[in-house]
Amino acid sequence: SNYNVTSYNNGVLTIAQRDLVLTAGALDKIYDGNDSVTASIDGGVFSNDISGDVIDYSGVSGTFNSADVVSASTISFTGALAGTDGGNYNLVDVAGSISAKDITITALAQNEIYGYGNHLGGGFSHVGILGGDEAGFSVSYGTNATSSNSSHYNVGSWNLTPSNLTGAGSSNYNVTSYNNGVLTIAQ
């Protein structure tokens, strides 16, 4: 009663978007050669939304920061959330990972003539390596072939055993099986 209010001035009420939180591991994937998130991006993989809000994720896509197993660590989102309440939420970058793709390696058969050296490694075939990735890959080879006094492999059929896949991008793969080939030493 000691004061006379001559004016009421409006203030500003700012409501910031609420961050949606990705459920841990929900969008992780197995190596497929690209950085796109392949799992469905929908309300089931996010939390921190307010019960009853209507959010449509159909316009959102996710991208890993790298297509490689070793480097992929973050998922970024593009596109807009839709639905009645979609504009009230923000999709933040989250941790994500890409796992190595399982493959098998088989040594190719190799034919040599006794006395012409002990060269191993006629190449390999594979199941599971994505097209183009095998360029620059190599494997080590071993054998159970016995050697003559002159240090040449003896005549016969021997195991040619591949191991140790190396090369740029080989860390994107997990070799589940190395299969022997045949080393044939002829007279």
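For clarity, every value in this text was computed on a predicted model and none was experimentally measured.
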note = d(Trp158 CH2, Gln110 CD) to nearest 0.5 Å is 14.5 Å

message = If you define the side chain from C-beta out and look only at heavy atoms, does anything of Thr63 sit under 4.5 Å from Val37?
response = no

ask   = Does any non-hydrogen side-chain atom of Asn65 lie less than 4.5 Å from one of Ile75?
value = no

remark   = dist Lys29:NZ -> Asp35:CG (nearest 0.5 Å) comes out at 7.0 Å

query = Which atoms form the tightest heavy-atom contact between Gln17 and Tyr89, and what is the distance?
reply = NE2-O, 3.1 Å

query = Under a single-linkage definition using a 4.5 Å side-chain heavy-atom cutoff for Ile, Leu, Val, Met, Phe, Trp and Tyr, are Val54 and Ile50 assigned to the same hydrophobic cluster?
reply = no

task = Apply the test side-chain contact (heavy atoms from CB on, under 4.5 Å) to residues Thr104 and Val175: give CA-CA distance (whole Å), side-chain angles for both, the deciding distance (0.1 Å), then the verdict.
result = CA-CA 6 Å; Thr104 59; Val175 181; 6.0 Å; no

query = What's the shortest heavy-atom distance between Ser171 and Val70, and which atoms?
reply = OG-CG2, 3.4 Å

ask   = Would a distance-only check, ignoring hydrogens and angles, find a side-chain to backbone donor-acceptor pair under 3.5 Å from Ser170 to Gly167?
value = yes

ask   = Side-chain contact, heavy-atom cut-off 4.5 Å: Ile105 with Val139?
value = yes

ask   = Under 4.5 Å between any side-chain heavy atoms of Pro162 and Asn180, yes or no?
value = yes

query = Going from CG on Leu165 to CD1 on Ile103, what distance comes out if it is rounded to the nearest 0.5 angstrom?
reply = 5.0 Å

request  = Keeping the roles fixed (side chain from Tyr141, backbone from Gly123), state whether a donor-acceptor pair exists under 3.5 Å.
outcome  = yes

message = Taking the ring of Tyr173 and the ring of Tyr31, is the distance between their centroids below 6.0 Å?
response = yes

key: Check: Asn164/Tyr178 side-chain N/O donor and acceptor closer than 3.5 Å   = no

ask   = How long is the gap from OG on Ser36 to CZ on Phe64, to the nearest 0.5 Å?
value = 9.5 Å

Check: residues 92-102 side-chain donor-acceptor pairs under 3.5 Å, at least two apart:
from: Asp93; atom 1: OD1; to: Ser76; atom 2: OG; distance (Å): 3.2
from: Asp93; atom 1: OD2; to: Ser76; atom 2: OG; distance (Å): 3.3
from: Ser97; atom 1: OG; to: Asp28; atom 2: OD2; distance (Å): 3.1
from: Lys101; atom 1: NZ; to: Gly128; atom 2: O; distance (Å): 3.3
from: Asp102; atom 1: OD1; to: Asn174; atom 2: ND2; distance (Å): 2.9

request  = Of all the heavy-atom pairs spanning Tyr153 and Leu183, show the shortest one and how long it is.
outcome  = CD1-CD2, 4.1 Å

request  = Could you check if a side-chain atom of Val60 sits within less than 4.5 angstrom of a side-chain atom of Leu81, using non-hydrogen atoms only?
outcome  = yes

task = Give, for atom CZ of Arg18 and atom CG of Asp49, the distance between the pair rounded to the nearest 0.5 Å.
result = 8.0 Å

ask   = Does the side chain of Ser163 come under 3.5 Å of the side chain of Ser140 through a donor N or O and an acceptor N or O?
value = no

ILVMFWY clustering at 4.5 Å (side-chain atoms), partners of Ile113 = Tyr116

message = Rounded at 0.5 Å granularity, tell me how far CG in Leu130 sits from CG in Asn34.
response = 9.5 Å

request  = For Tyr114 and Gln187, run side-chain contact (heavy atoms from CB on, under 4.5 Å): C-alpha distance rounded to whole Å, both residues' side-chain angles, the deciding distance at 0.1 Å, then the answer.
outcome  = CA-CA 5 Å; Tyr114 175 78; Gln187 294 178 326; 5.8 Å; no

ask   = Side-chain contact, heavy-atom cut-off 4.5 Å: Phe124 with Asn179?
value = no

query = Would the number of heavy atoms belonging to other residues, nucleotides or ligands and lying under 6.0 Å from CD1 of Ile30 be above 12?
reply = no

query = Who passes salt bridge (charged side-chain N to carboxylate O under 4.0 Å, His left out) against Asp85, sequence neighbours left out?
reply = none

ask   = Is the closest side-chain donor-acceptor distance between Thr161 and Asn159 under 3.5 Å?
value = no

